[in-house]
Amino acid sequence: METYNPQEIEPKWQKYWEENGFYKAEDFSLPRRQAGRKPKQYLLLEFPYPSGDGLHVGHCRPYCALDAIARQKRMAGANVLFPIGWDAFGLPTENYAIKHGIHPSIATQKNIANFKRQLKNLGLSFDWSREINTTDPKYYKWTQWIFLKLLEKDLAYQAEIPINWCPACKIGLANEEAVGGACERCGAVVERKVQKQWMLKITAYADRLIDDLEGLDFPERVKSQQINWIGKSFGTEIQFPINNLSISVFTTRADTLFGVTAMVLAPEHPLVEKIVAPENKESVKKYIEDAKRKSDFEREKLEKEKTGVFTGSFCRHPLTDEKIPIWIGDYVISAYGGGAVMMVPAHDQRDFGFSKKYNLPLKIVICPNYPEPVCPILDKAYEGEGHLVSSGKFNGLKSAEAIKKITKELEKKKLGKETIQYKLRDWVFSRQHYWGEPIPVVHCPKCGTVPVSEKDLPVELPYIEKYQPSHTGESPLSAITDWVNVKCPTCGGPAKRETDTMPNWAGSNWYFMRYCDSNNDKALADPKKLKYWLPVDWYNGGMEHTTLHLLYSRFIYKFLFDIKVAPQKEPYQKRTSHGVVLAGDGRKMSKSFGNVVNPDDIVQKYGADTLRVYEMFMGPFDQAISWNEDGVKGVARFLEKAWKISLTCAGNKQSNEDILRAIHKLNKKISEELGQMKFNTIIAGFMEFVNLAQEKPTEVGSDAIERMLILLSPFAPHMAEDLWSRLGHKNSIFQEKWPEYSEEIIKKDTTILVIQINGKTRDTIEVKTGISEKEARELTLSQKKVKTYILDKEIKKVIFVPGKLINIVV
RNA sequence: GCCCAAGUGGCGGAAUUGGUAUACGCGCCAGCCUUAGGAGCUGGUGGAGCAAUCCUUGAGAGUUCGAGUCUCUCCUUGGGCACCA
């Protein structure tokens, strides 16, 4: 018997599949209503970032999983689109290029070639004819086009906002490069530097991004994380007058309005300058300067100790006209709720701490045990709801009702209104780096900011030698004068190009649309093709993208829907998430820990099929799990056994009843569980079948073996294909139809009946399937073992679950 | 603090959704084979006990004829958000 030699058979079949174009998705399948038209199925995985490190076995898990699903769906008759491409702009490549002295464009090519080789070694069934690359000008032309459309609809704008600035390296850092408030390169403390940035108005879509989640097949945790991130809260906006001005605050607890003892403004609040009393100017100035110097990190660290400074000024309570002191505190976020807070120390823990520190008064207005007039002595704020006290004509009302009535009263006085606040911020969409899509805009001294005209797209990223970040905070592109200096598209006068580039999320916003028509040079994609393929039926990706890429691309898709480019309002019908593969030591796989497992090594040692099956078997797909090479060996043993048993039994005629039943049960299991991504139990099912077949090989016929191979082919495609041909088949196993199972065969004419006494299992008996309760009862009571348990006790009740168990209560 | 998951053998994990807890794999033990094995094969393997039997799904209560699964309280771990007013 030929031994199982994956190193020999795998390249052979990979070549065969590719040459025969088995994975090509057909646009439109057949015309509508024509017989044989296949249903479309768009399966998508997050396209990889081709880093210099190459793929590790963690990347492979979702690839193997979706590949198995793609293969199965094709066999079940679907027209499957399973594409792949490269998300190649961005910092990691830029840093890699700087470190190794290789131009980013060269590094990208090199890395892509390496990734491609690695992926092809796994025998994944991607449609390579649709491959895309976000750094290809033919691709990013349309990324820039989308930007122009956003600009046209006022959803892109410029604003002065703080960025992370490393004073030592003199460069702006992305948030992920400044984790913990320290520069990733040199460790210096990161400062905030205000700079003009391009922003996208994602907040305009906040409600739709929440509401349209309904009806999508996303995991609950994904939905709730997005909803949380958007952070919608209903409340009241209240004006506190000060002379002819007013301070606007947002609160969700208007019922505590009579408990306000102070007003606290964020240090950046625009009114600060106007209202500080002369005698407090010095102390306020010092406080604000200190606050500015504090990094976000320090601000977080000081979470417990809130600080502030009195401005010396007072505003008026909107309903009582009382004088209310105005403070400044850096715990107030300037970007949320108007950058001002009404302080209610009795009913908010933060305010409680603040007023205790500065000896401010405290006024109880919510009583949890009304009508008991006595409220407990406070050692902390009471944040719950209750009945109002000391609140004038609102006394005795419950919180919820009081919020309504107080808001109404404020509305009457034009000092407040119902409002909604979001935590979601607009999206900072520019980077001062080289390796990204140029923002297609020109700055003209006469005409202002002018968009590049569509016919001049793409604005190509110039090939430059010095792509290191500049020390001025500007993009390195700003030094390329012959690229920067252009004629204004409007007036023809001298103007300058925008030198900022887009973040690496830009290309991934819409890449799944490009797969529908990846070579189109007239449009982002042919609308008919978009309509045929979209939405994506199934999108698998990492949880870490839930509030980034997944949210961003939903926003962009909705925008494209609004301008009639995208055919629906949501891009992804179903979302699943894979768990991370950790290294054997339980830590994240990382070059710096030296614990990365390279799939090349596993493929070389055990074969791609072993790697694929192990990836599926190692544990529940959506959970994090550690790599364990002993487990890989176990899978290798299993495939070896499956190989042997297939060749041993291939010449046998018909399987006996037990074997036939077992293979149909396995067939059923896979058909049911594949869609639920229960890969680990599916592989366990194969192992059980092979173990059973090994016990009685003479009873296993070629019918069962062939069925097993077809079932196995999505998971171990090379081995299944090879054995299929060894069994004498001239066609590819992937041209076979996905087999139907028969409930008739699965059903047995006897079943095991569990006997319980008082709910405890005491015995099992084999009985005819469909036995009546009366028969079962008689049979049970005649069992010797049962008799010893019952003895002379009285039988109170008998519970009979047909086909399962009988329970005798004594 | 808030939100979301999850706690089952020595380990990764199964359990048809309320019906034989520990499938499958790893590891371990014994035996066989081998010059040898970090190879292969066979058998065993939750705990206690000589045994019959008893105990066992983070802890405790509850519902039920019957609970890993449902309800409540608590504990622990992981993930996300976090001074969001």
Side-chain angles (χ1 to χ4, degrees), chain A residues 219-233 235-236 238 249-254 256 264 266 299-300 302-306 329-333 335-344 347-351 353-354 383 421-425 543-544 546-547 577 579-580 613-614 617-620 622-635 637-638 640-641 665 668-669 672-673 678 680-691 694 752-764 788 796-801 803-810:
Chain A
E220 222 24 71
R221 59 186 174 147
V222 170
K223 287 189 184 181
S224 68
Q225 242 184 68
Q226 290 204 341
I227 290 169
N228 248 315
W229 181 260
I230 296 168
K232 184 177 188 176
S233 45
T236 313
I238 305 175
V249 304
F250 171 76
T251 180
T252 54
R253 292 295 301 273
T256 64
V264 191
R299 276 192 172 193
E300 263 167 48
L302 297 168
E303 199 173 310
K304 298 233 162 68
E305 260 286 287
K306 299 189 197 335
D330 66 1
Y331 74 93
V332 178
I333 297 166
Y336 186 82
V341 175
M342 64 179 210
M343 193 164 79
V344 185
H347 304 295
D348 183 290
Q349 192 53 38
R350 291 157 304 180
D351 297 348
F354 189 87
E383 295 188 320
Q421 281 286 326
Y422 301 91
K423 286 196 233 176
L424 184 71
R425 298 291 138 78
M543 276 308 285
E544 70 276 15
T546 301
T547 54
S577 279
V580 190
V613 173
Y614 176 64
F617 182 62
M618 61 194 303
D622 59 353
Q623 276 171 44
I625 195 144
S626 297
W627 186 261
N628 174 7
E629 192 158 336
D630 284 334
V632 179
K633 284 180 197 158
V635 167
R637 277 201 276 268
F638 155 66
E640 187 86 36
K641 281 195 226 169
K665 263 172 103 170
K668 181 179 179 185
K669 185 182 182 71
E672 285 175 355
E673 293 183 355
K678 292 168 86 171
N680 53 334
T681 56
I682 288 174
I683 303 301
F686 278 112
M687 290 171 169
E688 274 179 273
F689 178 76
V690 168
N691 289 345
Q694 222 174 15
I752 305 290
L753 189 70
V754 174
I755 300 173
Q756 295 186 335
I757 316 278
N758 287 342
K760 281 194 178 159
T761 303
R762 294 301 182 189
D763 204 359
T764 58
T788 64
K796 280 191 188 156
K797 205 173 167 185
V798 175
I799 288 132
F800 177 69
V801 183
K804 272 191 183 147
L805 65 77
I806 182 158
N807 186 10
I808 298 170
V809 186
V810 295

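Residue numbers begin at 1 in each chain, while the letters A, B, ... track the order of the sequences. Computed from a predicted structure; not experimentally measured.
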Quiz prompt | pair M342(A)-I238(A): side-chain heavy atoms closer than 4.5 Å | solution = yes
Quiz prompt | Separation of the P atoms in G7(B) and G58(B), to the nearest angstrom | solution = 8 Å
Quiz item: Using 30° and 60° as the class limits, which term best fits the ring planes of W627(A) and Y614(A): parallel, tilted or perpendicular?
Solution: perpendicular
Quiz item: Would a 4.5 Å heavy-atom cut-off, applied to side chains only, mark N691(A) and K641(A) as touching?
Solution: yes
Exercise. With C1' as the reference atom in both, quote the distance from G18(B) to G27(B) in angstrom, rounded to an integer.
Key: 34 Å
Exercise. Look at all strands and tell whether N691(A) reaches a base, only sugar-phosphate, or nothing, counting heavy atoms closer than 4.0 Å.
Key: sugar-phosphate
Quiz item: Which one, A85(B), G13(B), C65(B), comes nearest to the side chain of P620(A)?
Solution: G13(B)
Exercise. Please state the P separation for the pair G25(B) and A14(B) - nearest whole angstrom.
Key: 15 Å
Quiz item: Is there a side-chain contact between V222(A) and M543(A) (heavy atoms, below 4.5 Å)?
Solution: yes
Self-check item: Among A15(B), U20(B), C54(B), the nucleotide that comes nearest once only the side chain of K678(A) is considered
Solution: A15(B)
Self-check item: Base G19(B) paired with Q756(A) side chain (donor-acceptor, <3.5 Å)
Solution: yes
Self-check item: Euclidean distance for C1', A21(B) against G66(B) (whole angstrom)
Solution: 14 Å
Quiz item: To the nearest angstrom, how far is Q694(A) atom CD from G25(B) atom C1'?
Solution: 15 Å
Quiz item: Of the candidate nucleotides G13(B), U20(B), C83(B), which contains the atom at the shortest distance from the side chain of I625(A)?
Solution: G13(B)
Quiz item: Considering only C24(B), C83(B), U20(B), which nucleotide approaches the side chain of A684(A) most closely?
Solution: C24(B)
Quiz prompt | A15(B) to C65(B) separation - P atoms, rounded to the nearest Å | solution = 28 Å
Exercise. Look at the side chain of K760(A) and decide which nucleotide, out of A85(B), C55(B), C83(B), has an atom nearest to it.
Key: C55(B)
Quiz item: If the C1' atom of G13(B) is compared with that of U57(B), how far apart are they to the nearest Å?
Solution: 13 Å
Self-check item: Euclidean distance for C1', G68(B) against C55(B) (whole angstrom)
Solution: 16 Å
Quiz item: Taking the P atom of each, how far is C11(B) from G19(B), in whole Å?
Solution: 26 Å
Quiz item: Centroid-to-centroid, Y331(A) to F354(A), below 6.0 Å?
Solution: yes
Quiz item: Any side-chain N or O of R221(A) less than 4.0 Å from the OP1 or OP2 oxygen of A6(B)?
Solution: no
Quiz item: Counting side-chain heavy atoms from CB outward, which of G25(B), U20(B), A15(B) is closest to T681(A)?
Solution: A15(B)
Practice problem: Go through A85(B), G19(B), C83(B) for me and flag the one nearest to the T251(A) side chain. | Solution: A85(B)
Quiz item: What pattern of brackets, bars and dots sums up RNA chain B from 5' to 3', given Watson-Crick or G-U wobble pairs under 3.5 Å, [ ] for crossing pairs and | for another strand?
Solution: (((((((..(((......[....)))((((((.......))))))(((....)))..(((((..]....))))))))))))....
Quiz item: Between R637(A) and C24(B), does any side-chain N or O lie under 4.0 Å from OP1 or OP2?
Solution: no
Practice problem: Just jot down the side-chain contact (heavy atoms from CB on, under 4.5 Å) partners of Q226(A), sequence neighbours excluded, or say none. | Solution: L213(A), T546(A), L550(A), L551(A), R554(A)
Practice problem: When you get a sec, tell me which of A14(B), A85(B), C26(B) is the closest nucleotide to the side chain of N680(A)? | Solution: A14(B)
Quiz item: Got a sec, which residues hit salt bridge (Lys or Arg N to Asp or Glu O under 4.0 Å) with E544(A), two or more places apart in sequence or on another chain?
Solution: none
Self-check item: Phosphate-side-chain proximity, K306(A) and C83(B), N/O vs OP1/OP2 below 4.0 Å
Solution: no
Quiz item: Would you say A85(B) has OP1 or OP2 under 4.0 Å from some side-chain N or O of R253(A)?
Solution: no
